[in-house]
Amino acid sequence: MDNFDTPSTSRDAALLPDTGEPGFGVYVHWPFCAAKCPYCDFNSHVRHQPVDQERFTAAFLKEMAAVRSMSGPKTVTSIFLGGGTPSLMKPETVSAILDGIARHWHVPDGIEITMEANPSSVEAERFRGYRAAGVNRVSLGVQALNDRDLKFLGRLHDVDDALKAIRLARDIFPRMSFDLIYARPDQTVEEWEKELKEAISYAVDHLSLYQLTIEEGTPFYGLHKAGKLIVPDGEQSALLYEATQEITAREGMPAYEVSNHARPGAESRHNLTYWRYGDYAGIGPGAHGRLTRGPEKLATATERKPEAWLDMVERDGHGILDEERLGFEEQSDELLLMGLRLREGVDLARWQQLSGRDLDPKREEFLLEHKFIERIGNSRLRCTPSGMLILDSVVADLAC
């Protein structure tokens, strides 16, 4: 088993510290993948002809201008290049996109700029090009650390590819994370504990650990419905989740969100913007945004199909299909839904200001008595570990 050196604190220190504020993020969606994974319901598309990156870059920049007119002047606290597989972009494409963001909003030095990458599309020269463009954090879609399960999950890389990508990321970027999927068919708690400890040994500072879910419209959904794909039941899934929390906490990477674990100070600042219910601009096919406009928050969503989005942007200046104005009640519900995912919990004063009311004392008392929620002083409320297992029910109870 390989073990990698812990990244130097001098490189980490170049990134601005988390202030605890929601912030303003910019999300750019690159919708293309080399192959579609059988569990994936994200807006990702396979194209067998080369993508016209120059044309898409021009469209990204055009849509940025439209969103900037909606957001007004903002100071960006994080940028996230997601997908799809953004590591299929040329470094020149990434550089042009980041330059465009800096032209439309204020981008201070040292903010977190993350790019998702798949191990199968990682090359040292390309990684160095992304770093030169300004990317300072990479998120790798590793998903499993054994070749059998990588093949089952439809991944194009093997374990050797994954370890090579992790090494390169450690050498080139100040910060990195990788994803793993657990609760796979026939996976035991002992197998997962061993795999998780191995992952932590690779000196990562952030892990995203997701339970395998069967999403409608995916190949896995059809197999599951036909009885050909059996995933762990609720009890086994709970045991796997509890083992995850125990091991990561013991190894100094506690959960700061339901599925995300980090060493102190290495939390994903962009994702914290979502969970703290901050504003963010969504750019690209299928991207979503939240932009505060006076007392309202504007929820935006763009055309999902890449070529249709491209045509819309070139014709209309943007690909936004939906604009929903969220009032105080809708905002308070979203704040609760997002904030209770976090270990730091929800700012009750902010929720009360939006909702115009206090929590229902009977519902809160019930959840407190059953140890599904807990107060953090007088100002915050969070889910307990057992509450996280039934998070949707807790949110539904408190929102009523």
Side-chain angles (χ1 to χ4, degrees), residues 15-29 43 60-82 97-98 100-116 134 137 256-257 260 267-302 317-342 344-356 380 395:
L15 286 154
L16 294 175
D18 175 29
T19 64
E21 296 298 318
F24 173 71
V26 177
Y27 175 81
V28 179
H29 189 78
N43 186 40
F60 283 129
L61 299 178
K62 200 169 186 179
E63 187 164 78
M64 277 179 209
V67 175
R68 166 60 174 81
S69 70
M70 298 164 69
S71 74
K74 295 278 190 180
T75 295
V76 178
T77 52
S78 65
I79 298 169
F80 197 101
L81 307 176
I97 289 170
L98 296 180
I101 294 171
R103 284 197 301 273
H104 291 296
W105 295 280
H106 174 54
V107 179
D109 291 339
I111 68 162
E112 177 188 274
I113 302 176
T114 301
M115 186 175 73
E116 292 182 332
R137 182 177 181 271
Y256 68 96
E257 188 269 346
N260 286 271
E267 298 84 359
S268 167
R269 294 167 205 170
H270 187 82
N271 286 335
L272 281 172
T273 292
Y274 297 150
W275 297 319
R276 288 171 176 164
Y277 203 47
D279 278 13
Y280 52 97
I283 311 295
H288 291 252
R290 291 289 187 277
L291 302 170
T292 298
R293 303 277 295 273
E296 297 179 325
K297 196 181 276 275
L298 187 66
T300 64
T302 60
H318 63 82
I320 297 172
L321 283 179
D322 296 313
E323 293 183 24
E324 182 183 359
R325 285 169 170 75
L326 305 177
F328 289 138
E329 184 176 352
E330 292 93 343
Q331 291 180 55
S332 68
D333 286 347
E334 287 195 342
L335 172 64
L336 201 63
L337 177 66
M338 301 302 282
L340 283 178
R341 299 178 64 89
L342 287 170
E344 70 184 35
V346 171
D347 181 340
L348 286 173
R350 188 179 174 205
W351 182 83
Q352 289 164 343
Q353 184 179 23
L354 285 171
S355 65
R380 305 189 75 86
V395 171

Which pair of non-hydrogen atoms, one from [X] and one from [Y], has the smallest distance, and what is that distance?
X	Y	result
Glu112	Leu15	CA-CD2, 3.9 Å
Thr75	Pro108	CG2-CG, 3.7 Å
Ala66	Gly317	CB-O, 3.6 Å
Gly72	Trp105	O-NE1, 3.7 Å
Ser332	Glu329	OG-O, 2.8 Å
Gly25	Thr77	N-OG1, 4.3 Å

Does any N or O in the side chain of [X] come within less than 3.5 Å of the main-chain N or O of [Y], such that one atom is a donor and the other an acceptor?
X	Y	result
Tyr256	Ser268	yes
Arg68	His104	yes
Glu296	Arg325	no
Thr302	Gly286	yes

Are [X] and [Y] close enough that some pair of their side-chain heavy atoms sits under 4.5 Å apart?
X	Y	value
Val26	Lys74	no
Phe60	Pro285	yes
His270	Arg137	no

Between [atom1] on residue [X] and [atom2] on residue [Y], distance to nearest 0.5 Å:
X	Y	atom1	atom2	answer
Thr114	Asn271	OG1	CG	8.0 Å
Glu324	Arg290	CD	CZ	7.5 Å
Ile320	Glu63	CD1	CD	5.5 Å
Met64	His318	CE	NE2	15.5 Å
Leu326	Leu291	CG	CG	10.5 Å
Tyr274	Phe80	OH	CZ	7.0 Å

Any residue meeting side chain to side chain donor-acceptor pair (under 3.5 Å) with Gln352, in chain and number order, not counting sequence neighbours: Asp358
As a quick check of understanding, evaluate side chain to side chain contact (heavy atoms under 4.5 Å, CB included) for Ser78 and Thr273, giving each step before the final call. CA-CA 8 Å; Ser78 65; Thr273 292; 4.2 Å; yes
Evaluate the ring planes of His29 and Tyr27, with Trp represented by its six-membered ring, and classify them as parallel (under 30°), tilted (30 to 60°) or perpendicular (over 60°). tilted
Does the pair Tyr277 and Gln331 meet the rule for a side chain to side chain contact (heavy atoms under 4.5 Å, CB included), with working shown? CA-CA 9 Å; Tyr277 203 47; Gln331 291 180 55; 3.8 Å; yes
Can you list the residues that meet the side chain to side chain contact (heavy atoms under 4.5 Å, CB included) rule with Leu336, with sequence neighbours excluded? Leu340, Val346, Trp351, Leu398, Ala399
For Ile101 and Val28: C-alpha separation, side-chain torsions, deciding distance, then whether side chain to side chain contact (heavy atoms under 4.5 Å, CB included) applies. CA-CA 10 Å; Ile101 294 171; Val28 179; 4.1 Å; yes
So, Lys297 and Asp279, do they make that salt bridge, N to O below 4.0 Å? yes
What's the verdict on side chain to side chain contact (heavy atoms under 4.5 Å, CB included) for Arg380 and Asp347, showing C-alpha distance, side-chain angles and the deciding distance? CA-CA 5 Å; Arg380 305 189 75 86; Asp347 181 340; 3.7 Å; yes
